[in-house]
Amino acid sequence: MHRITSGELHSTYTLGDLRITALRDGYVDMPVGRLRQRGAKPFGDDLPEQVPLFGGQLRLSVNAFAIDDGNEIILIDTGAANAWHPTMGRLPQALDEAGIDVEKVRTVCFTHTHLDHIHGLVLADGRDAFPRLARLLVPRQELGLFRTEARLKRFHEMAQPFEAGDRLGTHVDIIGAHGHEVGHSCFRVSSGGEHILIWGDTVHVPSLQFDRPEVTWEFDEDQDQARESRLRLLALAADDHCFVAGAHLDSPGIGRVVRSGGGFRFEPL
């Protein structure tokens with residue numbers, strides 16, 4: 001896997017016969033108190049020095065990922081559009097910068113249904129972001145959550161469920177990664193003997209959670225299950241030599257995981 005093009009808002013890589021493009025929707029700054037040590041204890045003065053802060057807050061990149069097989073494009077997550085902080089909503093510009101025709105995006109899949117992953121279906125001006133969308137895939141356990149989003153009402157009936165073990169076409173398998181949300185899922189993409197795990201919110205703060213994967217996030221629906229999923233996917237990525245792509249890894253959010261001492265280390269690609 002290697003990079004072939006890049007810009008401010010995108011990086012495109014080859015993966016066997018596929019192209020994988022990381023797309024930057026923007027970023028969000030969050031309080032340090034969102035992090036949780038074991039026992040749901042927040043950090044205070046004991047926050048490790050390796051964690052960078054911006055105005056006293058954690059800065060999380062917000063990324064989506066496109067899989068291009070030469071015929072059509074599967075988009076994993078869509079960013080926030082104008083549904084949350086104004087520092088997000090740049091997915092349309094990222095797609096344009098990457099040279100991706102939105103009319104070729106026929107399938108959109110969500111890792112989970114938090115607002116910074118789903119609202120990019122609708123542009124800030126209210127138009128459909130992907131006018132030829134044919135399949136909208138949502139984790140089965142989160143269909144009800146998706147259908148509570150009034151801004152996305154016109155997509156409620158279009159949404160189809162998927163679950164762990166399903167296969168999407170030739171190249172994509174779904175791996176359960178529950179915990180951050182009840183249906184949180186990982187997409188394993190394979191081509192030419194190479195693999196990448198597009199793993200959503202498995203890691204929120206890469207400067208800390210690779211080294212200390214036991215650290216969880218306030219918004220993890222089930223912190224114990226989220227921790228177990230993170231440890232399992234980190235081990236899978238390291239031991240099976242998979243690349244990883246994370247929604248909140250520092251843009252472009254693609255790299256390798258290696259074991260390091262009692263934890264792991266992320267090596268950006």
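- The heavy-atom pair separating G120 from F130 by the smallest distance is O-CE1, 3.9 Å.
- Looking at residues two or more places apart in sequence or on another chain, you find a side chain to side chain donor-acceptor pair (under 3.5 Å) between T14 and H2.
- Checked against ring pair (Phe, Tyr, Trp, His ring centres under 6.0 Å), F162 has the following partners two or more places apart in sequence or in another chain: F187.
- Checking T21 against T12 by side-chain atom types alone, a donor-acceptor pair falls below 3.5 Å.
- In the hydrophobic clustering, V62 connects to V28, M30, V32, L35, F43, L47, V51, L53, L58, L60, W84, M88, L115, V205, L208, V215, W217, F219, either directly or through intervening members, whenever side-chain heavy atoms lie under 4.5 Å apart.
- Residues passing the ring pair (Phe, Tyr, Trp, His ring centres under 6.0 Å) test with H114 are H112, H180, sequence neighbours excluded.
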Review item, side-chain donor-acceptor pairs of residues 131-146, under 3.5 Å, at least two apart:
unit_1 : atom_1 : unit_2 : atom_2 : d
R135   : NE     : T107   : OG1    : 3.2
R135   : NH2    : T107   : OG1    : 3.4
R140   : NE     : E163   : OE1    : 3.2
E142   : OE1    : T113   : N      : 2.8
E142   : OE1    : T113   : OG1    : 2.6
E142   : OE2    : G183   : N      : 2.8
E142   : OE2    : H184   : N      : 3.2

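- Residues satisfying the side chain to side chain donor-acceptor pair (under 3.5 Å) test with R36, not counting sequence neighbours, are none.
- Under the 4.5 angstrom side-chain criterion for Ile, Leu, Val, Met, Phe, Trp and Tyr, I4 has no cluster partners at all.
- Side-chain contact between V108 and L121 is present, with at least one heavy-atom pair separated by less than 4.5 Å.
- The shortest distance between side-chain heavy atoms of M1 and I20 falls below 4.5 Å.
- Residues meeting the side chain to side chain donor-acceptor pair (under 3.5 Å) test with R38, sequence neighbours left out: none.
- Through direct or indirect side-chain contacts shorter than 4.5 Å among Ile, Leu, Val, Met, Phe, Trp and Tyr, L123 is connected to no other residue.
- Among residues two or more places apart in sequence or in another chain, the side chain to side chain donor-acceptor pair (under 3.5 Å) test is passed with T111 by D77.
- Residue-environment remark: CG (D128) exceeds the threshold of 12 foreign heavy atoms within 6.0 Å.
- Taking the ring pair (Phe, Tyr, Trp, His ring centres under 6.0 Å) definition, one finds that H10 meets it with nothing, sequence neighbours left out.
- H195 and S190 are linked by a side-chain donor-acceptor pair at a separation below 3.5 angstrom, with hydrogens and angles left out of the test.
- Nearest heavy-atom pair across C242 and R188 is SG-NH1, 3.8 Å.
- A side chain to side chain donor-acceptor pair (under 3.5 Å) check over residues 41-57, counting only residues at least two apart or in different chains, returns the pairs Q37-D46.
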